[in-house]
Trainee: 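What follows is a structure written as structure tokens; I'll ask about it next.
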Amino acid sequence: MAWRDADLDRRVLMFGGKGGVGKTTSSAATALHFARRGRRTLIISSDLTPSLSDIFEAEIGPTERPVPGVPHLYGLEISPDEVMRRWKEKFGPEVYQAASALVDLPYDEVIDYAALAPGIQEEFMLDYILGHIRSGRYDLVVWDTAPAGDTLRLLGLPGRFLAHLRVAPKIYLEVQDRFRLKQMPFREIIASWQELARQTMEFFGDPDNVEFILVTIPEALGVYQSRRVLAELAEHGLTVRHLIINDVVSAAECDFLRRRREMQQPYLEMLHAEYGGRMTLAEIPLLPYEVKGVERLEEVERILFGGE
Ligand SMILES: Nc1ncnc2c1ncn2[C@@H]1O[C@H](COP(=O)(O)OP(=O)(O)OP(=O)(O)O)[C@@H](O)[C@H]1O
Ligand SMILES: [Mg+2]
């Protein structure tokens with residue numbers, strides 16, 4: 001079933017799924033589609049080994065750059081480590097100033113410790129993405145997530161982070177009490193982090209802002225992993241409405257392909273039976289070539305969006 005633009009009319013489209021199933025291919029084709037329709041689109045890869053440069057056959061790096069030949073499309077490859085580094089640069093001095101009123105420790109130790117708070121890395125990744133939306137430079141951010149397969153779970157993290165911050169002030173108050181400290185320098189910082197976590201939760205938890213697209217393949221590992229990811233997301237109250245089944249063998253003119261198709265058949269049936277009723281399922285056939293360059297991406301775009 002082809003996608004309709006209206007169903008994907010969101011500020012952020014997130015692509016997730018297990019390693020190598022076609023997340024980058026699908027997100028690049030989708031970003032291309034909306035850029036072609038005049039929406040100022042930014043495609044972000046947060047993978048440690050990003051492949052946007054390879055797929056667009058153009059230099060894309062940790063600063064936003066236009067994708068050559070595609071007006072309105074910009075690309076950015078940024079690892080969680082780099083996001084963390086920028087966060088430290090931005091907030092480090094403030095955190096250190098507060099902490100050094102309590103303890104006498106070297107700068108790096110304090111900052112590295114602060115960065116260990118549970119969920120903080122993911123929290124700042126989400127905040128980073130949100131920053132691009134708020135900048136007003138883009139109408140749409142397409143996010144090609146890291147291939148852990150369960151990366152969509154990070155959406156549950158602001159909640160966990162917030163929960164941690166609820167306890168943190170108590171701990172700091174105890175410290176304050178024990179050492180008879182007059183001021184509580186952490187309190188303000190904690191309050192500002194709480195606010196940050198609350199805002200990211202509010203944005204990413206709103207289905208009007210964010211659409212999750214799960215990519216899978218019709219094989220046991222793909223099907224089982226999708227089931228796990230969907231169950232986890234459901235626990236956080238997040239619903240997935242779009243599933244891409246990639247690498248589907250359609251025509252089978254030789255024994256090899258016939259056997260692959262037979263292998264895929266029960267998994268395809270399983271996926272349709274389980275999710276067909278409540279999700280839009282888009283199938284991408286296994287193509288005889290790798291998907292590289294704008295022309296090939298346009299073919300995937302036509303498959304997904306029905307060549308509208
Ligand atoms: N339908 C398809 N037919 C043929 N080749 C495909 C198809 N979809 C993707 N590929 C190829 O499979 C490889 C993996 O695809 P892609 O990079 O999109 O996966 P990914 O999920 O982003 O992987 P990773 O988890 O490593 O980031 C690429 O070389 C791509 O060109
Ligand atoms: Mg990828």
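In listed order, ligands and their atoms are each counted from 1. Sequential numbering from 1 along the given sequence is applied to the chain's residues. If you're wondering where the values come from, they're calculated on a predicted model, not measured in any experiment.
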Trainee: For K23, counting its heavy atoms only, list the atoms of ligand 1 lying under 4.0 Å from any of them.
Mentor: 18 (O), 19 (O), 20 (P), 21 (O), 22 (O), 24 (P), 25 (O)

Trainee: Between R302 and E298, does at least one N-O distance fall below 4.0 Å, as a salt bridge requires?
Mentor: no

Trainee: Taking atom 6 (C) of ligand 1 as the point of reference, which of D247, T25, L287 owns the nearest heavy atom?
Mentor: D247

Trainee: Any carboxylate oxygen within less than 4.0 angstrom of a Lys/Arg side-chain nitrogen, looking at D208 and R10?
Mentor: no

Trainee: Is the centre of the F34 ring less than 6.0 Å from the centre of the F305 ring?
Mentor: yes

Trainee: Regarding ligand 1, does E290 bring an N or O atom to under 3.5 Å of one of the ligand's N or O atoms?
Mentor: no

Trainee: Could you tell me whether E301 and R36 have a side-chain N and a carboxylate O separated by less than 4.0 Å?
Mentor: no

Trainee: The test is side-chain hydrogen bond (donor to acceptor under 3.5 Å, both in side chains); show your working for T200 and D127 and say whether it passes.
Mentor: CA-CA 6 Å; T200 37; D127 177 61; over 6 Å; no

Trainee: Looking only at distance, does G19 have an N or O less than 3.5 Å from an N or O of ligand 1?
Mentor: no

Trainee: Run the salt-bridge test on R40 and E64 with the 4.0 Å N-O cut-off and return the result as yes or no.
Mentor: no

Trainee: Please list every donor-acceptor pair under 3.5 Å in which a side-chain atom of residues 244-262 meets a protein atom from a residue at least two apart or in another chain.
Mentor:
from, atom 1, to, atom 2, distance (Å)
N246, ND2, V21, O, 2.8
R260, NH2, E219, OE2, 3.1
R261, NH1, S250, O, 2.6

Trainee: Number the atoms of ligand 1 from 1 as they appear, then name those within less than 4.0 Å of a heavy atom of Y289, with their elements.
Mentor: 4 (C), 5 (N)

Trainee: Is there a polar contact between ligand 1 and N246, counting only N or O atoms under 3.5 Å apart?
Mentor: yes

Trainee: With side-chain contact (heavy atoms from CB on, under 4.5 Å) as the test, would you mind laying out the steps for L214 and L230 before giving the verdict?
Mentor: CA-CA 9 Å; L214 191 63; L230 290 168; 3.8 Å; yes

Trainee: Backbone or side chain, does any N or O of P285 fall under 3.5 Å from an N or O of ligand 1?
Mentor: yes

Trainee: Looking at the Mg ion (ligand 2), is one of the N, O or S atoms of T25 less than 2.8 Å from it?
Mentor: no

Trainee: What atoms in ligand 1 come closer than 4.0 Å to a heavy atom of I284?
Mentor: 1 (N)

Trainee: In ligand 1, which numbered atoms sit nearer than 4.0 Å to a non-hydrogen atom of D47?
Mentor: 27 (O)

Trainee: With heavy atoms of T24 as the reference, note each atom of ligand 1 found under 4.0 Å away.
Mentor: 17 (O), 18 (O), 20 (P), 22 (O), 27 (O)

